[in-house]
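Excluded from the calculations below are hydrogen atoms, water molecules and symmetry mates; all remaining heavy atoms, backbone and side chain alike, are included. Chain naming here is simple, since letters A, B, ... match the order of the sequence lines and numbering starts at 1 in each. Everything quoted here is computed from the prediction, not taken from an experiment.
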2 protein chains.
Amino acid sequence: MFSKACEYGIRSATYIALNSLEGRRVSLKEIAKEIDSPVAFTAKILQLLSKNNIVDSVKGAYGGFDINRTKIDKLMLSEIVNAIDGDKIYVGCGLGLKECNADKPCPVHEKFVGIRNDLRKMLENTSLYEMATGLEMGLTYLKR
Amino acid sequence: MFSKACEYGIRSATYIALNSLEGRRVSLKEIAKEIDSPVAFTAKILQLLSKNNIVDSVKGAYGGFDINRTKIDKLMLSEIVNAIDGDKIYVGCGLGLKECNADKPCPVHEKFVGIRNDLRKMLENTSLYEMATGLEMGLTYLKR
DNA sequence: ACTAAATAGGATATAATTGTCCGATTTAGG
DNA sequence: CCTAAATCGGACAATTATATCCTATTTAGT
Ligand code: FES
Ligand code: FES
């Protein structure tokens with residue numbers, strides 16, 4: 001569904017959001033440990049999220065990553081997915097035709113767009129705040 | 001969503017079904033041309049579908065691929081996807097945790113399983129017959 | 001028997017994704 | 001000023017997915 005990079009990206013952002021809500025800035029090392037991801041690869045993804053203004057990064061001692069608190073409830077999963085995987089899950093055809101196009105649809109088009117739209121809506125309506133609070137309350141997990 | 005192999009597999013099977021309904025057996029070359037896929041790679045996928053008893057293959061001159069006519073309306077997309085991509089789309093966690101598990105869910109689990117079940121139901125309820133007749137009536141396409 | 005056309009299958013090549021390593025730079029604190 | 005801790009960014013390595021090539025085998029027709 002999503003690339004590994006995107007999965008790590010969402011998990012990273014969620015963990016950063018959780019800590020930013022509590023006023024803590026977190027380091028790459030801590031993030032990778034808490035979401036159980038390869039450190040150096042996670043670094044690349046965080047760079048990308050930083051360039052896309054999804055997370056803020058601070059270099060040097062006591063540096064790390066955080067997210068502006070006022071932004072956390074406005075930041076939607078769709079923005080993270082878009083920054084990492086682009087829009088291919090929205091525009092791609094389920095059967096791999098050049099692009100999804102209702103004027104010359106593939107045999108699953110009709111049924112596929114419904115599911116894809118549900119996915120899009122889900123991503124557009126799920127905020128990092130919602131993700132982070134579920135974690136905080138011990139209802140959900142970022143590793144296992 | 002699906003692997004390239006799976007996309008080619010579905011498109012191949014649909015094209016074979018269409019022709020089997022009309023009593024024609026089709027060759028690899030023709031299939032690859034009509035679904036616009038790489039010939040040799042498509043051959044591998046057809047081998048796999050053949051081993052899984054989804055399509056029948058006939059060697060030698062005038063050989064090719066077909067699907068038993070009485071089977072076409074019972075063959076569901078889910079069987080093809082399962083033969084090629086396995087069950088990872090059903091059991092995999094949306095955020096990449098070891099496996100999807102409601103007892104220790106990731107932050108998107110609740111919303112994700114709904115979408116995934118819709119996808120599963122769609123695949124389980126869509127027959128090759130349905131796919132092929134849409135094609136036959138010129139409503140849908142396998143290449144563009 | 002021979003030939004041409006077709007699938008089967010193993011070996012190999014290419015591309016994309018995932019993952020690692022290391023030096024450069026930045027920064028807080030002693 | 002120095003050091004330690006941290007991100008940045010480029011180069012590289014490993015793995016997986018995609019794609020190609022070639023030979024063997026099968027089969028209908030002549
Ligand atoms: S054309 Fe295939 S999903 Fe829209
Ligand atoms: S645990 Fe992540 S989708 Fe179910």
Worksheet entry | Asn117(B) vs Phe112(B) side-chain heavy atoms within contact, under 4.5 Å |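 No; the side chains remain at least 4.5 Å from each other.
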
Worksheet item: Heavy-atom distance under 4.5 Å between the side chains of Val26(A) and Arg24(A), does that happen here?
Response: yes

Return the value, rounded to whole Å, for the distance between atom [atom1] of [X] and atom [atom2] of [N].
{"X": "Phe41(A)", "N": "dT16(D)", "atom1": "CZ", "atom2": "C1'", "value": "13 Å"}
{"X": "Phe2(B)", "N": "dT18(D)", "atom1": "CZ", "atom2": "C1'", "value": "18 Å"}
{"X": "Ile84(B)", "N": "dT18(D)", "atom1": "CD1", "atom2": "P", "value": "11 Å"}
{"X": "Lys88(B)", "N": "dT16(D)", "atom1": "NZ", "atom2": "C1'", "value": "10 Å"}
{"X": "Leu48(A)", "N": "dG10(D)", "atom1": "CG", "atom2": "P", "value": "13 Å"}
{"X": "Asp85(B)", "N": "dA17(D)", "atom1": "CG", "atom2": "P", "value": "9 Å"}
{"X": "Arg25(A)", "N": "dA6(D)", "atom1": "CZ", "atom2": "P", "value": "11 Å"}

Worksheet item: Nearest of dG19(C), dT17(C), dT18(D) to any side-chain atom of Ala5(B)?
Response: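 Among the listed nucleotides, the one closest to the side chain of Ala5(B) is dT18(D).
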
Worksheet item: With sequence neighbours left out, which residue pairs that include part of residues 71-94 of chain B fulfil the side-chain hydrogen bond (donor to acceptor under 3.5 Å, both in side chains) condition?
Response: Ser3(B)-Asp85(B)

Item to complete: Treat primed atoms plus P, OP1 and OP2 as sugar-phosphate and everything else as base, then score nucleotides 4-13 of chain C 5' to 3': B for base contact with protein heavy atoms under 4.0 Å, S for sugar-phosphate contact only, - for none.
Response: -BBBSBBB--

Worksheet item: So does Lys98(A) have more than 12 non-hydrogen atoms from other groups sitting under 6.0 Å from NZ?
Response: no

